[in-house]
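No experiment lies behind these values; they were computed from the predicted model shown. Note that ligands are numbered from 1 as they come in the structure, with each ligand's atoms numbered from 1 the same way. Scope of the values below: all heavy atoms of this structure, side chains included, with no hydrogens, waters or symmetry mates.
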Amino acid sequence: MSDNQVFPVTAAASANTHCTKDNYKALYEQSVKDPDAFWGKEAKRLDWITPFTIVKNTDFTGDISVKWFEDGTLNACVNCVDRHLPEKENVTALIWEGDNPDDSVHVTYGDLYEHVCRFANVLKQQGVQKGDRVTIYMPMILEAVYAMLACARIGAVHSVVFGGFSPDAVAGRVLNCESDYIITADEGVRGGKHVPLKANVDEALKQCPNVKSVLVIQHTGGIVGWVEGRDVWYHEAVKSVTADCPAEEMNAEDPLFILYTSGSTGQPKGVLHTTGGYLVWASMTHEYAFDYKDGEIYWCTADVGWVTGHSYIVYGPLANGATSLVFEGIPTYPDASRFWQVCEKHKVNIFYTAPTAIRALMRLGEEPVKKYDRSSIRLLGSVGEPINPEAWLWYYNVVGEARCPIVDTWWQTETGGIMISPLPGAVDLKPGSATLPFFGVQPALVDADGKFLEGAASGNLVITDSWPGQMRTVYGDHERFKQTYFSAYKGLYFTGDGCRRDADGYYWITGRVDDVINVSGHRLGTAEVESALVAHAGVSEAAVVGFPHDIKGQGIYAYVTPPAGVEATEDLRKELVTWVRKEIGPIATPDHIQFAPGLPKTRSGKIMRRILRKIAENEYGSLGDTSTLADPAVVDDLIKNRRNK
Ligand code: WTA
């Protein structure tokens with residue numbers, strides 16, 4: 001795509017905007033030159049109990065320490081709920097749209113306050129105290145939001161685990177953060193299918209004897225198993241509590257939540273976010289990137305199990321007193337018009353989704369989109385993976401009727417919120433580019449040796465200084481935090497992404513440069529899938545790589561060597577697919593499993609993934625130097641037996 005295809009800021013987008021073409025540059029300059037002044041002022045968007053006197057205290061060298069507003073105190077729940085009551089008690093905070101199109105509920109800020117306070121009192125009744133970790137394994141129902149805010153209210157640290165993860169994945173996360181409390185539901189519903197959440201928790205907890213209490217929301221009424229003394233129905237417990245629950249005073253640097261995410265090695269790590277800086281970041285980015293204005297209906301289609309749901313369904317919008325839509329279903333149920341039917345029904349103004357959904361819907365043509373009135377929409381957003389220009393143009397022309405700007409927002413679980421994104425009233429758009437950095441974000445490109453690249457260039461994306469929403473550590477493993485993000489390039493935060501900068505200074509994210517794959521916008525470590533595979537008796541060795549996939553962005557390609565005496569059959573292949581789904585969850589389903597008698601290894605035994613990637617990508621012509629392989633002949637076999645796409 002040419003760098004020169006530009007969609008200039010429209011008159012509509014620049015009317016009444018938070019940031020115009022005229023002041024973006026000056027504000028950005030100020031944010032990076034004098035962060036103390038900029039963020040000292042900006043943090044006043046929150047209500048503080050004790051105002052901070054220190055703004056920034058961060059160090060990207062040595063032991064890596066990130067602190068913002070460190071002597072201030074506040075409560076995140078109060079900022080998302082209580083403080084809006086005087087003006088917005090009767091304004092809708094959340095709209096819930098069920099999987100079934102007949103189900104929807106409006107919750108005002110007044111209702112939200114009551115629900116959250118009661119939920120918080122139930123948690124206290126279960127014994128949850130400030131600092132305790134609480135695992136939330138829920139479908140997309142309102143109680144998921146209440147549970148998160150209730151934790152924040154009493155100073156407990158939530159760890160939301162995506163409802164699509166397997167019992168094993170739940171157990172690993174519960175054990176890692178020593179969480180003694182679980183909140184779940186009987187079942188979730190997606191696309192008409194029931195998801196056995198409580199049964200998964202029961203299975204997971206066989207490995208977690210520490211867990212004292214499982215609070216269960218009755219959602220579908222499905223039959224569930226029960227462990228007396230451990231399991232508690234929420235609807236029964238809530239009968240005995242009041243809606244009066246004072247909020248804990250938290251330090252800005254007290255943990256708000258842990259969210260597990262995949263990295264290039266080992267098991268997922270617990271990304272830790274704290275209270276003050278995270279909330280300032282979520283709130284400001286939500287307001288500016290979406291140019292949110294009071295009274296608008298805002299819909300982010302993510303799941304609260306991912307960071308996008310944390311920052312842009314719950315904390316950002318609610319801190320801003322917005323109306324945020326919570327959707328339980330999927331884009332194609334009951335049919336491929338669902339997104340647009342919901343937009344028409346609730347008069348959605350801002351719509352934020354992932355490229356994988358756009359690509360899947362694009363395949364199904366324009367008719368399902370055009371069936372519904374989308375005139376309420378004024379802004380579209382994209383997140384989670386690079387959006388290819390073809391999908392961008394379809395989103396722009398067909399969904400947005402060529403009148404809505406698209407904000408392509410680049411960020412990560414680790415960054416807490418949006419980092420590189422157009423501001424709709426200030427930045428001209430280019431299809432496929434996340435454009436320019438948000439306030440306070442200083443991106444740079446480096447080559448493999450860490451040399452800074454100037455001007456138009458391609459390299460590895462780093463961030464040179466801290467921003468308030470940055471993760472503070474890996475829960476329980478600061479060494480891993482340092483290793484993962486600060487060891488590749490001294491003094492710089494390494495994102496793991498490759499990126500190109502064009503002559504206009506626009507950033508074009510090209511994808512991960514480490515062993516992380518991005519499947520339908522969901523991050524997976526190849527090491528996780530490999531360790532699931534080798535846990536099966538039919539596998540002695542496995543290597544997993546990503547390959548380009550038309551809809552998912554990347555697919556999963558696994559090379560598997562069975563042990564001597566085990567035959568590589570079609571049945572084994574099917575069994576391994578089922579096995580991985582069971583071990584991790586359906587998002588990790590391998591697209592291809594190729595049986596390989598040997599994997600390409602160096603003489604020192606290191607698997608050469610570069611070669612495996614090329615074969616999976618169907619690019620045998622450019623395998624590069626294979627002469628250092630212990631046994632170059634394995635490559636011919638791999639090529640010969642490559643799985644057809
Ligand atoms: C990718 C999701 C290109 C990127 C918020 C990043 C993107 C990873 C974009 C983080 C985008 C996210 N354009 N790539 N707009 N947004 N990514 O932690 O590779 O689930 O490193 O956070 O997704 O994924 P995560």
*asked:* Between Q554 and N518 (side chain of the first, backbone of the second, donor and acceptor by atom type, cut-off under 3.5 Å), is there such a pair?
replied: yes
_For the backbone of R359 and the side chain of R363, can you confirm whether one donor and one acceptor N or O come within less than 3.5 Å of each other?_
no
Report all side-chain donor-acceptor pairs from residues 279-286 shorter than 3.5 Å, counting only partners two or more places apart or in another chain.
{"unit_1": "W281", "atom_1": "NE1", "unit_2": "I418", "atom_2": "O", "d": "3.3"}
{"unit_1": "S283", "atom_1": "OG", "unit_2": "R45", "atom_2": "NH1", "d": "2.8"}
{"unit_1": "S283", "atom_1": "OG", "unit_2": "N320", "atom_2": "OD1", "d": "2.7"}
{"unit_1": "T285", "atom_1": "OG1", "unit_2": "W281", "atom_2": "O", "d": "2.6"}
{"unit_1": "T285", "atom_1": "OG1", "unit_2": "A282", "atom_2": "O", "d": "3.2"}
{"unit_1": "T285", "atom_1": "OG1", "unit_2": "Y312", "atom_2": "OH", "d": "2.5"}
{"unit_1": "H286", "atom_1": "ND1", "unit_2": "N320", "atom_2": "ND2", "d": "2.9"}

Identify the protein atoms, limited to N or O, that lie within less than 3.5 Å of an N or O atom of ligand 1, and list each pair with its distance to 0.1 Å.
{"unit_1": "ligand 1", "atom_1": "13 (N)", "unit_2": "E385", "atom_2": "O", "d": "3.3"}
{"unit_1": "ligand 1", "atom_1": "14 (N)", "unit_2": "P386", "atom_2": "N", "d": "3.4"}
{"unit_1": "ligand 1", "atom_1": "15 (N)", "unit_2": "D408", "atom_2": "OD1", "d": "2.7"}
{"unit_1": "ligand 1", "atom_1": "15 (N)", "unit_2": "T409", "atom_2": "O", "d": "2.8"}
{"unit_1": "ligand 1", "atom_1": "16 (N)", "unit_2": "G384", "atom_2": "N", "d": "3.1"}
{"unit_1": "ligand 1", "atom_1": "17 (N)", "unit_2": "G384", "atom_2": "O", "d": "3.4"}
{"unit_1": "ligand 1", "atom_1": "18 (O)", "unit_2": "T413", "atom_2": "N", "d": "2.8"}
{"unit_1": "ligand 1", "atom_1": "18 (O)", "unit_2": "T413", "atom_2": "OG1", "d": "2.5"}
{"unit_1": "ligand 1", "atom_1": "18 (O)", "unit_2": "R523", "atom_2": "NH1", "d": "2.8"}
{"unit_1": "ligand 1", "atom_1": "19 (O)", "unit_2": "D497", "atom_2": "OD1", "d": "2.7"}
{"unit_1": "ligand 1", "atom_1": "19 (O)", "unit_2": "D497", "atom_2": "OD2", "d": "3.2"}
{"unit_1": "ligand 1", "atom_1": "21 (O)", "unit_2": "Q412", "atom_2": "NE2", "d": "2.9"}
{"unit_1": "ligand 1", "atom_1": "21 (O)", "unit_2": "D497", "atom_2": "OD1", "d": "3.3"}
{"unit_1": "ligand 1", "atom_1": "21 (O)", "unit_2": "D497", "atom_2": "OD2", "d": "2.7"}
{"unit_1": "ligand 1", "atom_1": "21 (O)", "unit_2": "R512", "atom_2": "NH1", "d": "2.8"}
{"unit_1": "ligand 1", "atom_1": "22 (O)", "unit_2": "T413", "atom_2": "N", "d": "3.4"}
{"unit_1": "ligand 1", "atom_1": "23 (O)", "unit_2": "G384", "atom_2": "O", "d": "3.2"}
{"unit_1": "ligand 1", "atom_1": "23 (O)", "unit_2": "N518", "atom_2": "ND2", "d": "3.3"}

Distance-only check: which donor-acceptor pairs under 3.5 Å involve side-chain atoms of residues 265-272, not counting sequence neighbours?
{"unit_1": "Q267", "atom_1": "NE2", "unit_2": "S531", "atom_2": "OG", "d": "3.4"}

Using atom types as modelled, flag every donor-acceptor pair under 3.5 Å from a side chain in residues 432-444 to any protein atom, sequence neighbours excluded.
{"unit_1": "S433", "atom_1": "OG", "unit_2": "T435", "atom_2": "N", "d": "2.9"}
{"unit_1": "S433", "atom_1": "OG", "unit_2": "Y507", "atom_2": "O", "d": "2.6"}

*With ring centroids as reference points, do F60 and F486 lie under 6.0 angstrom apart?*
yes
